[in-house]
Amino acid sequence: MRITLNNNLESFIEDTLTINDILERKNFTFKMLVIKLNGALVKKTDYKVTSVQDGDELSVLHLISGG
Amino acid sequence: MTFEQIKNTLKNKIIGIAGAGGLGSNCAAALARVGVGTIIIADHDKVSESNLNRQYFFYDQIGQSKSATIKENLNRINPSVHIIAYDVKLVPDNIIPIFHNCDVLVEAFDLAGEKEMFIETVLLNFPDKPLVVGSGMAGWGMNELIHVRKLDNMYICGDEVSEISPDLPPIAPRVGIVANMQANVVLEILLGGEGKIVK
């Protein structure tokens, strides 16, 4: 499948992956994250059950202390 | 657009700012100077000496509530701006009533966990409101790393890498750059940029 991850095209061999799978593959190990799938927020508790498919748009925002 | 035209466009707008620390106090000051009509700002802290290395407060205001003090300081800059300042700790239940009628929201917290809570609450309850976030501004120098990244109607300002630590404190120049960058994105949205404006 091909998806858009943070505005860049990304290809995976699999037809579908969960958000957790993608976080692992891309080494997104940050604790404070906000994730949007096709414009809608995905709750943390849903990362392991939400599947991402061809054509999806995934945004991962890593939040950093300071302000 | 002349400054008069800019002020006329901005005078009917409402901006919500979550936090009156380094990001919120400086972002609010910039928006007050250009004449945004209403600024709704919330913070439950008091001004402390350690805040003065970056926040829009003064030495003789140490110990006072940030919400009352920022209102005073903003109205000293521009008395025609309507400031609604809440002395509360923001949580999902009060974020909704406090900010529901804002045109644009600014995330201006210090800690990543609070940033995450605010962004999640906004995305769940106000998915169409433009949201301007600050993330990554500790230390000094490296102007070239600071940027704006747009994800749908969310705008992330900062370097997205430098985390605060005892050896990498948040201090005036970089925090001020990001705060003013947030104010600049707000203006871009309100004055007819790419952002979607929802009343």
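Proteins get letters first, then strands, A, B, ... in listed order; numbering begins at 1 in each.
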Output the residues of residues 41-49 of chain B for which the shortest heavy-atom distance to chain A is under 4.5 Å, in residue-number order; output 'none' if no such residue exists. none
Determine which residues belonging to residues 105-116 of chain B lie within contact range of chain A, meaning some heavy atom pair is under 4.5 Å apart, and list them by number or answer 'none'. B/F109, B/D110, B/L111, B/A112, B/G113, B/K115, B/E116
A/I64 side chain reached by B/M137 side chain, heavy atoms, under 4.5 Å: no
Answer yes or no: is there a side-chain heavy-atom contact under 4.5 Å between B/M154 and A/K36?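 Of all side-chain heavy-atom pairs linking A/K36 with B/M154, at least one is under 4.5 Å.
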Using modelled atom types and a 3.5 Å cut-off, is there a donor and acceptor pairing between side-chain atoms of A/N7 and backbone atoms of B/K150?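 Yes.
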Given a cutoff of under 4.5 Å between side-chain heavy atoms of I, L, V, M, F, W and Y, with clusters grown through shared members, what are the other residues clustered with B/I171?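 Traced through the cluster, B/I171 reaches B/W140, B/L168.
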Part of A/V42 lying under 4.5 Å from any heavy atom of chain B: neither
Answer yes or no: are there more than 12 heavy-atom neighbours, outside [X] itself, under 6.0 Å from its atom [atom1]?
{"X": "A/K44", "atom1": "NZ", "answer": "yes"}
{"X": "B/F3", "atom1": "CZ", "answer": "yes"}
{"X": "B/D60", "atom1": "CG", "answer": "yes"}

Determine whether [X] and [Y] fall in the same hydrophobic cluster, where Ile, Leu, Val, Met, Phe, Trp and Tyr are linked whenever their side-chain heavy atoms lie under 4.5 Å apart.
{"X": "B/I119", "Y": "A/V60", "result": "no"}
{"X": "B/M1", "Y": "B/V186", "result": "yes"}
{"X": "A/L58", "Y": "A/L41", "result": "no"}
{"X": "B/V148", "Y": "B/L191", "result": "yes"}
{"X": "A/I35", "Y": "B/F118", "result": "no"}

Using heavy-atom distances under 4.5 Å, tell me whether [X] contacts chain A through its side chain, its backbone, both, or neither.
{"X": "B/R54", "value": "side chain"}
{"X": "B/V178", "value": "neither"}
{"X": "B/L151", "value": "both"}
{"X": "B/S162", "value": "backbone"}

Once ring pair (Phe, Tyr, Trp, His ring centres under 6.0 Å) is applied, what residue pairs with a partner in residues 37-67 of chain A remain, sequence neighbours excluded?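 Residue pairs passing ring pair (Phe, Tyr, Trp, His ring centres under 6.0 Å), neighbours aside: A/F30-A/H62.
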Return the option, out of B/P170, B/G136, B/S165, with the maximum number of heavy-atom pairs under 4.5 Å with chain A.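 Between B/P170, B/G136, B/S165, the count favours B/G136.
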Using a 4.5 angstrom heavy-atom cutoff, name the option from B/G22, B/S135, B/P127 with the most pairs to chain A.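 It is B/S135.
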Measuring from B/M117:CE to A/L63:CG, what's the distance to the nearest 0.5 Å?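 Answer rounded to 0.5 Å: 11.5 Å.
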